[in-house]
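Worksheet: one structure, shown below.
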Amino acid sequence: MLETTETVRSEYEPVQGRIAWIEQFTDQDKLYVISLPDDVELDHDPGQFVELFVPGVGEAPFSISSSPTKDGPLELCIRAVGNVTRALDSMEGGDPLGIRGPYGTGFDPEALAGDDLLFVAGGIGLAPLRSMINYALDRSGEFGDLTTLYGCKEPAEQLFPEELQRWDDSEEMAFYETVDQCPEDQTWEGREGVITELIPEAEFDPETTTALVCGPPVMYRFVIESLQEQGLADDHIYLSLERNMHCGRGLCGHCQINELYVCVDGPVFNYPEVRDKSEAEV
Amino acid sequence: MTVRAVADSSVGRVDGMKTLAKSEFETLIDGLIDDDPRSVVGPQRRSGQYVFEELDSAADLALEYDLTALSPKKYLLPQYEQLLTYERTDGEYEMHAGTDTEGVIIVGVHPYDLAAIEHLDKVHIDTMGDEPYRKRREDSLLIGLTMQSVAPESFAASMGAATTDSGYDLLVTDIGDRFVVDIGSFEGNELLADLDTHSASHSEVQEVRRIEDDLRGRFERELQFPPEELPTLLAEHYDDMEFWESYAEQCLSCGSCNMVCPTCYCFQVETVRDLGGDSGYQQRSWDGCLLEEFASVAQGENFREEVAQRHRHRFMRKGLYVYERYGDVSCVGCGRCTRHCVADVADPTDVYNDLWEATNA
């Protein structure tokens, strides 16, 4: 027989949270604001994720959109594309659900301190980056210049529209946005084109800038190339990668990129950590 | 590593060995079956193959076995295991982590399976703190058995797992008319307390050594190189897609190699609901990286879409990835994947030796 020390509680037992309110951004995307019991402190790093359990349906991983600099409820921006997320889509304020976490390696604000930060968010990739963007805005004294680039398919797919407007108006952060294209039945006065076109336009000093990138899988290679063309060194690039972080604990194997477990070693990686991993697709 | 610490304690291998009559060993097992609240399981003959199953009597033990269909992993990391139960009452959910974590007494475990369990311990207890596994493992007893029949698919000797001096509570060696027993833990020692045993003589210990030495030369399959070379060899051939495709061509993506592997521990989690929908449980079940959807995400992207990618991943994991993370090559050479692969493309000695030849030709 073996003997080891007792741990406090099972890692597989969620705490019960409750949907405080829901904000609808697009046909598919909603912000779920979730209150946790008073005695539970999430205490997360920007870029970390939680496992969300919808009783009777299942569990899935979601990056935390709220910043640890803000007290208050947990915010998850979720697109309805799978079993769990479609079930969530039919839920209302007051409904209970389970939360485990936070898990993974997020952004390290201490390591980024003093850097100019360039956020590059494509589509739903804004959800995890928003945590760090708001962290940097709330503690802007700790960082250099802040710039956010955001691109989505069309105007109707914009996430956090009111917040985007505030960022656009803000003196604290430069903000550039684009849509891939604007269908005729929508109006858009901004620019059209893919997100990589914003990179040469944004003003940043490659020597002092760190880029934080999150978007759909197809986006990474192009964004990284474009950042390199602007003179950014590889280790000045951080990527938040999405995989099926099913257990969140480095065991179930579904999120593996070569030998890396995204749920433990990531989801945030310094680019050189994954540059040569073919399964990272970056 | 906890297991080794226990096994290497004051009861040393040589001077701690005992001898007992086979009838005494049966008395021990029958006593455990009758009196111990835990299940007692061991290798038995069923429908033309050997399997670990619950024992009704020590007489049912098939200690002559070469290889069982599944390894005793199935008792420590069950194929289906409840992680969480939930119940709704008045709009509130009660959620409790919980599973039946009672241990088992596993009799007749060969050294390669003991090595596999040591590896699972390292991952689930020492590193990742998996509570269901830890509780069940700590409540379990392993009675090892020196292997004397060698399955044609096995290459455990090449992986250094044909014999062992750790990872068991007791290790039994059949020396003809009696057993020599090595004591690996305090609990193992306790098991022998009421039995008629005597200290093994020098010649009895020598006989155990002779059996072990003789065994290593009886494997039909072997690696042509030391397993320590595997991580480097695999890393060198990662991008050799032509090689991986040559194996993957015939692969059916059935996942059998994963299911029968004593060191595979990947799982999926699913929700099982009662008919009313107000209660149910989350269960984890064995999953396999050869299965097509293993690396898919909700939005449809499959990060290991090609069979060759999944095939490569399995071998990389066994010989490189797990090594980088835990310092173990996680193949013990049991040969189960070879035996159960319908397409005959899972044999690690084929794959690894081919790579070796490609490098050293």
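Small disclaimer: the values here were computed from a predicted structure and weren't measured. Per chain, numbering begins at 1; letters A, B, ... match sequence-line order.
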Open item on the list: More than 12 heavy atoms of other residues, nucleotides or ligands under 6.0 Å from CD of B:E94: yes or no?
Closed with: no
Task: Distance (rounded to the nearest 0.5 Å) between B:D287 CG and A:C252 SG - done: 8.0 Å
Task: Neighbour count above 12 (heavy atom, 6.0 Å) for A:Q24 CD - done: yes
Task: A:E13 backbone acceptor or donor facing B:H96 side chain under 3.5 Å - done: no
Open item on the list: Can you give me the closest heavy-atom contact between A:P14 and B:M95, atom names plus distance?
Closed with: CG-SD, 3.9 Å
Task: Interatomic spacing from NE2 in B:H313 to CG in A:N258 - rounded to 0.5 Å - done: 8.5 Å
Open item on the list: Using a strict threshold of under 4.0 Å (side-chain N to carboxylate O), is an ion pair present between A:R243 and B:E301?
Closed with: no
Open item on the list: Please check if the number of heavy atoms outside A:K277 that lie under 6.0 Å from its NZ is greater than 12.
Closed with: yes
Task: B:E236 atom CD, neighbour heavy-atom count above 12 within 6.0 Å - done: yes
TODO: Between chain B and each of A:G98, A:S278, A:C255, count heavy-atom pairs under 4.5 Å; write down the option with the most.
DONE: A:S278
- [ ] Name the region of A:L260, side chain, backbone, both or neither, that has any atom closer than 4.5 Å to a heavy atom of chain B.
- [x] backbone
TODO: Would you name the heavy atoms of A:H246 and B:F267 that are closest together and state the gap between them?
DONE: CD2-O, 4.1 Å
Task: Contacting region of B:E270 [heavy-atom separation from chain A under 4.5 Å] - done: neither
TODO: Go through B:Q282, B:E324, B:M316 and name the one with the most non-hydrogen pairs under 4.5 angstrom from chain A.
DONE: B:Q282
TODO: Please round to the nearest 0.5 Å and tell me the distance separating atom OG1 of B:T127 and atom CZ of A:R249.
DONE: 11.5 Å
Open item on the list: Would you say that more than 12 heavy atoms from the other residues, nucleotides or ligands in this model lie under 6.0 Å from the CZ of A:F222, or not?
Closed with: no
Task: Residue of the set A:E281, A:E279, A:H254 for which side chain to side chain contact (heavy atoms under 4.5 Å, CB included) holds with B:F303 - done: A:E281
Task: A:P217 versus chain B, the contacting section by heavy-atom distance below 4.5 Å - done: side chain
Open item on the list: Could you check whether atom CG of A:N83 has more than 12 heavy atoms from other residues, nucleotides or ligands sitting under 6.0 Å from it?
Closed with: no
Open item on the list: So which residue, B:R312, B:R284, B:E92, ends up with the most heavy-atom pairs under 4.5 Å with chain A?
Closed with: B:E92
TODO: Pick one of side chain, backbone, both or neither for A:F53, based on which atoms fall under 4.5 Å of a heavy atom in chain B.
DONE: side chain
TODO: Pick one of side chain, backbone, both or neither for B:Y323, based on which atoms fall under 4.5 Å of a heavy atom in chain A.
DONE: neither
Open item on the list: Using a 6.0 Å cut-off, check whether atom OH of B:Y80 has over 12 heavy atoms from anything other than its own residue.
Closed with: no
Open item on the list: Please tell me whether B:R304 and A:Q256 have a donor and an acceptor in their side chains that are separated by less than 3.5 angstrom.
Closed with: no
Task: Sub-4.5 Å side-chain heavy-atom contact between A:L251 and B:V123 - done: yes
Task: Options A:G82, A:P96, A:A60, ranked by heavy-atom pairs under 4.5 Å with chain B, top entry - done: A:P96
Open item on the list: Under 4.5 Å from any heavy atom of chain A, what part of B:R88 do you find: side chain, backbone, both or neither?
Closed with: neither
Task: Backbone of A:L97 reached by a side-chain donor or acceptor of B:Y93 within 3.5 Å - done: no
Open item on the list: Measuring from atom CD of B:E131 to atom OH of A:Y12, what distance do you get when rounded to the nearest 0.5 angstrom?
Closed with: 9.5 Å
Task: Donor-acceptor pair, side chain of B:R325 and main chain of A:E259, under 3.5 angstrom - done: yes
Open item on the list: Quick check against the 3.5 Å criterion: does B:T271 have a side-chain atom that pairs as donor or acceptor with the backbone of A:G56?
Closed with: no
Open item on the list: Please rank B:F294, B:Y86, B:Y281 by heavy-atom pairs under 4.5 Å with chain A and give me the top one.
Closed with: B:F294
Task: Residue part contacting chain A, namely of B:Q268, when any heavy atom lies under 4.5 Å - done: both
Open item on the list: Is A:V264 in contact with chain B via its backbone, its side chain, both, or neither, using a 4.5 Å heavy-atom distance?
Closed with: side chain
TODO: List the atom of A:G253, the atom of B:C266, and the distance in Å for their closest heavy-atom pair.
DONE: CA-SG, 3.6 Å
